[in-house]
Each structure stands twice: as C-alpha cells, then as structure tokens.
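Below, read A as the first sequence line, B as the second, and so on, with proteins coming before strands; counting in each chain starts at 1.
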Amino acid sequence: MFLSLTPPANEIELLYRAKKLAGLSLGELAVHANIVTPNNLKRDKGWIGLLLEKYLGASAGNKPEQDFATIGIELKTIPVDNNGRSLETTFVCTAPLTGKTGITWEVSYVRYKLARVLWIPVEGQREIPVAQRHIGTPILWSPSAQEALQLQCDWEELMDLIVLGNVKHITAKYGKVLQLRPKAANSLVLTTAIGKLGEPIRTMPLGFYLKKNFTNQLLARNFY
DNA sequence: TTTTGATCATGC
DNA sequence: GCATGATCAAAA
C-alpha cells in the first residue's frame with residue numbers, strides 16, 4: 001500500500017507519492033511495511049524519517065547526498081503540534097571545522113541541502129502514541145529570497161567563528177534562524193578543529209540546525 | 001515553557 | 001569517526 005521501491009522520476013511524482021500518505025497514521029504505514037512501531041522515540045529518534053524514506057523511494061543509505069539526488073530534493077520530516085507549529089529544531093548537516101578557510105555560502109553544504117526540501121509534517125506530541133500519529137500535507141519548498149538571505153547571514157557569522165579559531169566559544173545562541181549545536185553520540189566524542197592560534201585542537205563535533213522560528217515561518221506560509 | 005546541550009540507532 | 005535519520009531532557 002503506497003510503498004515505493006524505486007526513486008521518483010521527477011518532483012511531480014515525488015509530491016504525488018507524498019500526498020497519498022497525508023492523513024495516514026504511522027502505525028498503518030509501519031504495519032504494511034512489516035516494521036514494528038516503537039512505543040516511544042527515545043531509542044529510535046530517526047525512525048519516522050527512515051519510515052517515510054521507505055515509502056517515498058528515497059535513495060537511502062548514509063551517503064552525504066540529498067535523499068533524492070537525481071531530482072535534487074532533500075526529504076525532512078518535521079514534528080508539529082496540533083496547530084501545525086514545529087516542536088523541534090531541524091538538523092541540516094554537520095559543520096566542517098577544518099580546512100574551510102575561504103569557503104563561501106554559494107558552495108556551502110547548508111545551501112546545497114536546503115536548496116529544495118520536501119517537508120512532511122508529522123504529529124509529534126509525546127502524548128500521542130507513535131503508531132497513532134498522523135502524517136500531514138507535504139510541502140515542496142525552496143528558500144525565498146528573504147529566507148536565503150537570513151540563512152546566508154547566519155551561516156557566515158557561524159563559519160567565521162569556526163574559521164577564526166573561536167569554535168570553543170560557540171553556543172546555540174549564535175544565529176537568528178540557523179544555529180550550531182553538538183552532533184555526536186555523546187559529550188565525550190571529539191573531533192579536530194582550529195584553535196585561536198591556527199593550531200589543531202580537539203573539540204565536540206557540531207551540526208547546523210534550523211531554529212523553530214524559521215521552520216514555523218515556512219510551514220505557516222505554505223499552510224493554505 | 002522554551003532553549004540549549006546531550007543523546008540514540010545504524011552502516012561502513 | 002563521520003555520515004545518515006532526529007528527539008530527549010536538563011537547564012534557564
């Protein structure tokens with residue numbers, strides 16, 4: 001039932017597949033895909049994303065590419081409340097902490113990932129059992145001129161911190177719509193970054209996340 | 001209640 | 001270790 005084993009040929013087909021899933025519950029999808037629905041997402045944080053990938057025919061895997069690379073589209077599921085507002089920030093990609101002196105927004109991975117995104121809202125309130133959470137109407141989105149400018153502005157500020165050796169001072173408070181936060185198995189994980197004197201240092205891996213005010217805007221803008 | 005920092009699973 | 005998929009939960 002609606003399972004797609006091959007990648008969509010174009011974005012029309014992808015959107016068509018996604019629209020067919022709107023209104024269905026995660027439990028129904030899991031049953032038909034022969035997958036067990038977890039009681040909560042504590043130990044299955046990416047479960048919804050992987051389930052939807054399976055239904056839409058994503059290229060899948062852990063390759064550093066868009067989910068639908070051939071048609072240039074990234075898939076993002078986003079947990080929302082009953083007013084359609086996002087409950088969580090959205091992970092974009094890990095942040096490069098070395099070797100990026102001189103990199104520009106135009107060729108950045110954040111821009112590439114967010115160039116075209118299929119957003120699929122899913123009920124995310126913890127009071128609702130995972131199996132009973134419903135899938136919402138998909139939104140095929142590209143940043144507006146204003147959104148692109150907001151992203152670029154934050155990205156440049158954050159990359160400056162990294163490139164100029166201030167990675168140790170980074171907190172989630174930097175950035176208006178984009179932020180840097182830890183992205184690792186736990187707080188003991190270390191990776192290499194650039195120190196104040198340009199020397200290699202060990203620090204926590206970071207990822208770029210879209211703040212809720214940003215995703216809320218795009219969800220609201222496309223609600224009608 | 002909201003935000004920031006921490007964490008979980010999986011594949012190679 | 002780093003990429004994929006994110007949400008949890010302590011702190012503010």
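- In this structure, A:Leu50 atom CG and B:dT10 atom P are separated by 10 Å, rounded to whole Å.
- When heavy atoms are screened at a 4.0 angstrom cut-off, A:Pro182 is found touching base atoms of the nucleic acid.
- One can place CD of A:Gln179 at 6 Å from P of B:dT4, the figure rounded to the nearest angstrom.
- Separating the CG atom of A:Asp44 from the C1' atom of C:dA6 is a distance of 11 Å, rounded to the nearest angstrom.
- Just one residue in the list A:Ile48, A:Ile128, A:Thr37 forms a side chain to side chain contact (heavy atoms under 4.5 Å, CB included) with A:Leu26, and that residue is A:Ile48.
- In this structure, A:Arg221 pairs ionically with A:Glu147, as a charged nitrogen and a carboxylate oxygen lie closer than 4.0 Å.
- One can place CG of A:Leu210 at 13 Å from P of C:dG5, the figure rounded to the nearest angstrom.
- Residue contacts shown for A:Pro79 are limited to sugar-phosphate atoms, with no base heavy atom under 4.0 Å away.
- At a threshold of 4.0 angstrom between heavy atoms, the contacts of A:Lys173 are confined to the sugar-phosphate backbone, with no base atom among them.
- Atom CZ in A:Arg181 sits roughly 7 Å away from atom C1' in B:dT4 (whole-Å rounding).
- Note on A:Lys63: only backbone sugar-phosphate atoms sit closer than 4.0 angstrom, heavy atoms only; bases stay farther off.
- The distance between atom NZ of A:Lys176 and atom C1' of B:dT3, rounded to the nearest whole Å, is 17 Å.
- As rounded to whole Å, 6 Å separates atom P of C:dA6 from atom CG of A:Leu75.
- In A:Lys54, the NZ atom is not crowded: 12 or fewer heavy atoms of neighbouring residues, nucleotides or ligands sit closer than 6.0 Å.
- In terms of phosphate contacts, A:Thr89 brings no side-chain nitrogen or oxygen within less than 4.0 Å of OP1 or OP2 of B:dT3.
- The side chain of A:Thr171 places no N or O atom within less than 4.0 Å of a non-bridging phosphate oxygen (OP1 or OP2) of B:dT4.
- Taking side-chain N and O atoms only, A:Lys183 has no distance below 4.0 Å to OP1 or OP2 of C:dT7.
- A:Gln66 comes within 4.0 angstrom of nothing in the nucleic acid, heavy atoms only.
- The shortest distance between the side-chain N/O atoms of A:Ser187 and the OP1/OP2 oxygens of B:dT7 is below 4.0 Å.
- With rounding to whole Å, A:Phe208 atom CZ is found 13 Å from C:dT4 atom P.
- Between the side chain of A:Lys42 and the base of B:dT7, no donor-acceptor pair under 3.5 Å is found.
- A:Asp67 comes within contact range of the sugar-phosphate backbone alone, with a heavy-atom separation under 4.0 Å but no base atom that close.
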**A:Val80 vs A:Val122, side chain to side chain contact (heavy atoms under 4.5 Å, CB included): CA-CA, chis, key distance, verdict** = CA-CA 6 Å; A:Val80 295; A:Val122 178; 6.0 Å; no
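- Between A:Tyr209 and A:Arg202, the residue whose closest nucleotide on DNA chain C is further toward the 5' end is A:Arg202.
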